[in-house]
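What follows is a short report on a single structure.
Quick note: residue numbers are just sequence positions, from 1.
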Amino acid sequence: MSGPVDLAFDPWDPAFVADPYPAYAELRARGRAVRYEPTDQWLVPHHADVSALLRDRRLGRTYQHRFSHEEFGRSAPPAAHEPFRTLNDHGMLDLEPPDHTRIRQLVSKAFTPRTVERLKPYVRGLADELVGGLVRDGGGDLLTDVAEPLPVAVIAEMLGIPEADRAQLRPWSAAICGMYELNPSEDTAARAVRASVEFSEYLRELIAERRRRPGDDLISGLIAAHDEDDRLTEQEMISTAVLLLNAGHEATVNATVNGWWALFRNPAQLAALRADHSLIPTAIEELMRYDTPLQLFERWVLDDIEIDGTVIPRGAEIAMLFGSANHDPAVFPDPTRLDLARADNPHISFSAGIHYCIGAPLARLELTASMTALLNRAPTLTLAKDPTRKPNFVIRGLEGLSVEVR
């Protein structure tokens, strides 16, 4: 089915970005796959289809392991974007087996349940310290005071990035992530290219330093894996580090502020959570479902597929709408209602299949730590003023979240 001109789905409309969920309901009513001309994609809005396609090996994050650009009917990316493409295309999120499998097996050792368990005291202590600062100041910006510094510090600590260098990470990440929006502008691309060059140069120097003085960190571990039997190129090391840094904090930051903004808009649910902290585990899952940090995930069609009688040919691109899938009434009764006690909650905010988020256990630990600290140390936390939504659609977040602690 093709998307008509009156389709409410409009990722560049501030009103849509503010609340895309009514448009998703319309999309789901239109069909299981809707052609969207402005981005040359097929939109897939239903939970069952998104869940199945994430596991379908006829789709891929890349096609270059099987086809050239010409064979696939696509143009090569502009030459000016090459530094971004090199950095992005060697990270495991944009690779397919066997390269994806090889890199993921190496990295997964840093995210085992035992490793995450060992991090608990550090994460909890840091969350408590950050929230303590917010309380002493009588409030502030929940984004810059708690939501950002917690996951940035944790993933930087794991990778072995010196504390003095960490202030650069968030701006680099924001510039690079701008390229994941739909139809990014040339200004966005230029910022992403510049950040890719600077970030890569920084990591190349850090890798050289870790070769001279190995530490008990993930970058040193990746170097050891490379030296053992050339299982990782230097570019793959750099791309993996950038991916872990970006993915290791971006979703957690946005899940934190999106979640608290949702709680402030649903005071009865917030009161229930404050009265019963045993709701925290289900609350975190529900908040990630209710206002999904990553709204869309793209895949290339490597072999023809069929959705509800519509053949989507090889060479097409599919946009799986995570935010829509997480509001599908076929799976989530009364999906527009925030229910922190929702027990049956198969949201797909962490994706699925071979690209399931490797850091999901760490993200849950960080979200639990910050929520627990805020409930314990700032039980009177209130919203100081309504936030401004970031103009991004794919990566959904806020410009800030001003709060007061009385």
Side-chain angles (χ1 to χ4, degrees), residues 116-155 157 248-293 326 337-345 347 349-350 359-387 396-406:
V116 173
E117 187 67 27
R118 282 204 306 267
L119 282 169
K120 273 187 179 179
Y122 172 71
V123 175
R124 287 172 173 170
L126 181 55
D128 201 58
E129 178 186 326
L130 293 168
V131 172
L134 188 76
V135 172
R136 284 192 301 274
D137 292 342
D141 184 350
L142 192 63
L143 188 143
T144 57
D145 294 346
V146 177
E148 275 187 355
L150 176 64
V152 170
V154 171
I155 195 66
E157 190 75 17
H249 78 272
E250 198 72 46
T252 309
V253 170
N254 293 323
T256 302
V257 291
N258 289 348
W260 277 94
W261 174 221
L263 289 170
F264 289 136
R265 299 196 316 275
N266 291 270
Q269 287 293 296
L270 178 54
L273 181 62
R274 283 174 168 156
D276 181 4
H277 292 190
S278 71
L279 286 171
I280 289 174
T282 54
I284 285 167
E285 303 304 316
E286 174 68 350
L287 290 166
M288 292 194 72
R289 178 203 72 82
Y290 184 77
D291 202 6
T292 310
N326 282 344
R337 181 172 65 90
L338 182 68
D339 178 8
L340 300 185
R342 193 184 293 269
D344 185 15
N345 194 345
H347 69 77
S349 300
F350 288 120
L362 180 59
R364 287 185 168 109
L365 169 60
E366 292 165 347
L367 292 166
T368 299
S370 67
M371 179 173 282
T372 301
L374 285 162
L375 291 172
N376 285 334
R377 301 203 59 179
T380 60
L381 190 75
T382 55
L383 185 69
K385 62 178 181 180
D386 283 355
R396 181 169 174 78
L398 302 173
E399 297 285 3
L401 190 63
S402 296
V403 294
E404 294 176 345
V405 183
R406 295 193 178 91

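Heavy atoms only, all atoms of each residue included: Leu398 and Asn254 are closest at N-OD1, 4.5 Å. A pairwise comparison of heavy atoms in Val405 and Leu134 identifies CG2-O, 4.4 Å as the closest pair. For the residue pair Thr382 and Arg406, the shortest heavy atom distance occurs at OG1-NH1, 3.3 Å. Nearest heavy atom pair, residue Met371 against residue Leu287, reads CE-CD1, 3.6 Å. When all heavy atoms are compared, the tightest approach of Leu279 to Ala272 is CD1-O, 3.7 Å. In this structure, Ser370 and Val131 approach most closely via the heavy-atom pair O-CG2, 4.5 Å.
Counting heavy atoms from C-beta on, the side chains of Leu374 and Leu142 come closer than 4.5 Å. Counting heavy atoms from C-beta on, the side chains of Gln269 and Glu286 never come closer than 4.5 Å. Taking 4.5 Å as the limit, every side-chain heavy atom of Leu338 sits out of range of all side-chain heavy atoms of Arg265. Counting only heavy atoms from C-beta outward, the side chains of Val146 and Thr256 never approach each other to under 4.5 Å. Contact check for Leu383 versus Trp261: side-chain heavy atoms found under the 4.5 Å cut-off. Considering only heavy atoms from C-beta on, Asn258 stays 4.5 Å or farther from Tyr290 through its side chain. No side-chain heavy atom of Asp145 sits less than 4.5 Å from a side-chain heavy atom of Val403. At a threshold of 4.5 Å between non-hydrogen side-chain atoms, the residues His277 and Asn376 count as touching.
Residue Leu130 holds its CG atom at 11.5 Å from CD of Glu148, rounded to the nearest 0.5 Å. In this structure, OG1 in Thr252 is found 11.0 Å from CZ in Arg364, a value given to the nearest 0.5 Å. Atoms CZ and CZ, on Arg337 and Arg342 in that order, are 6.0 Å from each other to the nearest 0.5 Å. Taken to the nearest 0.5 Å, the CG atom of Leu381 stands 6.0 Å off from the CZ atom of Arg274. One finds the CD atom of Glu129 at 10.0 Å from the CZ atom of Arg377 (value rounded to the nearest 0.5 Å).
Between the side chain of Asp141 and the backbone N or O of Leu401 there is at least one donor-acceptor pair closer than 3.5 Å. Side chain of Arg396 to backbone of Asp291: no donor-acceptor contact under 3.5 angstrom is found.
Side chain to side chain, Thr282 and Asn345 fail the donor-acceptor criterion of an N or O pair below 3.5 Å.
Here the rule is side-chain contact (heavy atoms from CB on, under 4.5 Å) with Ile280, and of Leu367, Thr368, Leu340 only Thr368 fits it.
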Report the C-alpha separation of His347 and Glu285 in whole Å, then their side-chain angles, then the decisive distance to 0.1 Å, and conclude whether the side-chain contact (heavy atoms from CB on, under 4.5 Å) test is met.
CA-CA 8 Å; His347 69 77; Glu285 303 304 316; 2.6 Å; yes

